[in-house]
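The chains referred to below are lettered A, B, ... by the order of the sequence lines, with proteins before strands, and numbering in each begins at 1.
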Amino acid sequence: MMSVRSANREDGPVKVSGAAAYAADHHPDGLAYGYLLTSTVARGTLLAMDTAAAERAPGVIAVYTPFNPLDVRPFLKEGGAELAAPLQDTRIRYHGQAVGLVVAETFEQARDAAALVTARYDADRPRASFADGLAGAEPPATGAPAQEVLADGVASIDEALAASDVTITATYTTPAETHVAMEPHATVASWTGGRLTIHTATQGVRLAVERLSEALAMDPADIRVINPYVGGGFGNKWATWAHTPLTAAAARVLGRPVKTVLTREQVFTVVGHRPLTSQTVSLGASADGTLVAVRNDGVSSRSASNSFYEAVADLSLSMYDAPNLHASRKVVTLDVPVTTIMRAPSESNGSFALESAMDELADALGMDPLDLRRKNDSSRHPVSGLPWSSKHLDECYTLGAERFGWSRRGRVPGAVADGDWLVGMGMGTATFGAFRSEASINVRLRDDGRVVVSGTAADLGTGQSTVFAILAADVLGIPVERVIPDLGDSATPPAVSAGGSGSTSGNGPAVRLAAQAARDALVKLAAEHEKSPFHGQEVTYAGGEVGDGGRAMPFGELLALLGLPDLDATATSPRNASQSHAFRSFGAHFCEVRVNRWTGEPRVTRWLSVVDAGTIVNAKAARSQIVGGVVMGIGQALLEDLRIEPGTGRFGNATMADYLVPVNADIPPIEVEFLNYPDTLLSDLGARGIGELSIVGAAGAVANAVHNATGRRVRDLPITLDKLL
Amino acid sequence: MRAFDFAAPHDVAGALDLAGGSSAFLAGGTTLVDLMKLEVMTPEQVIDINRLPLRGVRQEPDGLRFGALERMEDAARHPDVAGRYPVISQALLLSASPQLRNMASLGGNLLQRTRCGYFRDVTTPCNKRAPGSGCPALHGDNRGHAVLGTSDSCVATHPSDLAVALVALDASVRLRGADGERTVPLADFYLRPGDTPHQENVLRLGELVTEIVVPDLPWAANSAYVKVRDRQSYEFALASAAVAVDLRDGRVRDARVAVGGVGTVPWRLPAVEAALRAGESHEAAAALAAEGARPLAGNAFKVTLAQRAILRALAELAERR
């Protein structure tokens, strides 16, 4: 096993000093400022907009509306957003939809003018209640409506459940949530001739190029997207949203650069949110705790504007061993802003239900919930039957239980108190799918002795750029400080965008291949270049130097000597096409929750996560990733709830003051332990991915601890104090 | 934010001369600037009063006097406040965040506007912001709204923690205006919404809060502020209780009780106090806090929560003896 590095972020100094230029920090000459107008009804038709006062307001350059539109075409692919192009029709599909763009000389002028625009609507009553829609939920337009595995001789999942010694059935619901990344979405567009350069907050510059080429009817080769720094994404910067093509189109017709930054309130509606879900879970087991049947009927909300929904029940098919499995998918269509991917889509909500249900089953069996999970740990994927590539979940359980003091958990709920606080322990299993996508990376050795590693990858604050630096430095045998990662530029080789926790698993092997290729090219150059001191010799490379057994020379010196500013190589790491194994990461969360016996507030007071995610490239940043997922999971469990007003379809708490995410005081010290077993069947590097893993199972662990503390089983997130009074 | 005129007078008389019409006094700015950005408040003139000599905490014959411009954090840390009126200190320290408390003034805290989401969103109706336009909170998103002192026009919660503690302690505010100076008990200062939710207090046009006076109450040293909210910090109360108890030989001789987060104004509970004085159990006394409550679809739990907050405060104070 390779030793685990723990490196500071290479981009830490520029970020904390404010020198890192995020999308909105670009101010090209002649910049004008855009400000979006948004709808104030959720469904209907825009009859008229009065823009006269805004057009006369100081500094205003143009006001675009559906009655004076910009030329923006529909995307050809939703990509997590919506196909309808903004301002191209008068239909209102959700509250907070982009219905105009004011462009002015300054941001303040654009904002003030926007306040002068009035709109008239013919409004219909929106479909805005998920609960009301459940009875009429329909199979989704995309994806299988159900998946089922039955043991030989079993006629139906219900038959398997009926034949079980012990069964439990319960329904679990989760609210809409939203990402509220620190950096609001922003786009700065500049045109030079027919070519577009754009700085836009995105999880993948390649994705933005594709969508913009569709929206602006352009050759992708004429679009360059540059976005090396991203202030958090969590899925919400995967898609390209209305303000981006609008800003680019405005800059094109106005002949000057335009910048549009969404307001905090607009970040709740113009970009997407996580759908609401409902899962009815039935578990059947024999008296000794062996699972016989798992059934999960999942329902997700879906925006009328797009097709994205959470296949929330599917996780129940990949987790615990059972001979009979059934998961179904249905959707409830709502007239709300776009539903989109959010950290561990489907799986984090799916795990809340499954992990809660496992504890409910353990209660019914009179078993320790950890013992129940161990008993049903799967050695193969429960549906495909393929063996796991590398699974050490049992070690996560064992190590975690020991480190956390699981044996001190009260067997009877409500049995442990500390003063006015009821104390409980809970646990949940984490898991997330792993894959290796194709990725190309360029490594350039420079005559100053430094190395540039380039690819279109994104670092959302995850530490991806430091992973590039570490892996290249390791291959080249040089200090990590000499590597300059160059991410987020569509002009560089096509690497993996930041999604699905697939950055390190895909880009990591490519960085190593490219560094090896650059090293090989250097050795060849040293041996073959006529002016090389090693000309005609058997050349070797070690520790940043080329040599022939006698002399050695740093590569920068050699390049300088030969009059070459740099030497580069590009390599492509292919997609993992293995059909012989199933790939997933795993982990176990353990937490302690305290609930006030007077006023019911639940507070998480201890946390341990033990993580089996393959090779960990940078322990320091990896720990932060796991901690971040746990923090988000605590928020999901206790706080996050984007409330839809049933009558209006408006989000009732669409501000950062009212949409609650945890603050420091809500978060206890979080311990993270990595097992660090390389998954060599996935790649030589053996890294699987950790961006989403740790939010999975977190909310279930909290719910289970609340139950252990109070005896109350809350099946409806978030677990707020009013449910515990 | 709309353009506005700006002035920064050096004394109270200068500030009062400028005030009137569409002017707003600016102290810490933590509410006003926020609401100006949201276009909820659109003053034509902003009068910065931070140069006025209205700071400090000092003992006077009529009680402890706070300058209206004293910053929340400074007031909370003042030894006379922390030692003699823990309920005030705690109410302040459980408010906002250190950054905000370092900026926000006591006078501004008492005058802060409701956090009702409809009040703060100018694209929606709101009787408080636009009289007669309606109240969507009655049937909308109302988990944070009031259950006490509401009307069919408005159910917005008064957001201040400090005001709850001060109302419990019979504090007064001193006001200066063009017509001179007057002192108003804080309990009479705030107006319930009724049919005129836009009228939130008795402050006259151009009148300035200059001081807060808290009368002596020796047993207020045995007081506490319990604030209950979804997250542990940086959030307004779902329910809070300001409680002071005069305990002798384990018996309640006197008590002050007010609740926050549940009323359209800071809500004093004389019936609860009387029951405690009469020797009723904590539970029986706290139950009287629910009198007159009008819960909405999303906030019925507040009726129970307010009682629990009182019980928790009483338990804390009893334990401390």
Checking heavy atoms, do the side chain of [X], its backbone, both or neither come under 4.5 Å from chain B?
X: A:N596; result: side chain
X: A:T40; result: side chain
X: A:L639; result: side chain

Presence of salt bridge, A:R643 and B:D141, under 4.0 angstrom: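 Yes.
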Side chain B:R231, main chain A:D666, donor-acceptor under 3.5 Å: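 Not confirmed, B:R231 side chain does not pair with A:D666 backbone.
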Option from B:D230, B:L238, B:L305, B:V228 for which side-chain contact (heavy atoms from CB on, under 4.5 Å) with A:E601 holds: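 Exactly one candidate clears the test, B:V228.
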Any heavy-atom pair between the side chains of [Y] and [X] that's under 4.5 Å?
X: A:E108; Y: B:M1; value: no
X: A:E645; Y: B:H139; value: no
X: A:W598; Y: B:E316; value: no

Atom CZ of A:R125 with >12 non-hydrogen neighbours under 6.0 angstrom: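 Not buried by this count: 12 neighbours or fewer within 6.0 Å.
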Candidates B:R143, B:R229, B:R308 - the one meeting salt bridge (Lys or Arg N to Asp or Glu O under 4.0 Å) with A:D722: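 With A:D722 as partner, B:R143, B:R229, B:R308 yield a single salt bridge (Lys or Arg N to Asp or Glu O under 4.0 Å), made by B:R143.
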Region of B:T124 in contact with chain A, defined by heavy-atom distances below 4.5 Å: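 Only the side chain of B:T124 comes within 4.5 Å of chain A.
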Structural part of B:L38 lying under 4.5 Å from a heavy atom of chain A: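 When you check distances to chain A, only side chain atoms of B:L38 fall under 4.5 Å.
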Options A:R603, A:R111, A:R597, A:E265, ranked by heavy-atom pairs under 4.5 Å with chain B, top entry: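 With the most close heavy-atom pairs to chain B, the winner is A:R603.
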Heavy-atom pair count under 4.5 Å with chain B, highest-scoring of A:T720, A:L660, A:D112: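 With the most close heavy-atom pairs to chain B, the winner is A:L660.
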Spatial distance of atom NZ (B:K302) from atom CG (A:L725) [nearest 0.5 Å]: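 Rounded to the nearest 0.5 Å, the NZ-CG separation comes to 12.5 Å.
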Atom pair CG (A:N664) and OH (B:Y234), whose distance is rounded to the nearest 0.5 Å: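 So the gap between those two atoms works out to 12.5 Å.
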Chain A contacts, top residue of B:E39, B:E235, B:R115, B:R120 (heavy-atom pairs, under 4.5 Å):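 So the answer, after comparing B:E39, B:E235, B:R115, B:R120, is B:E235.
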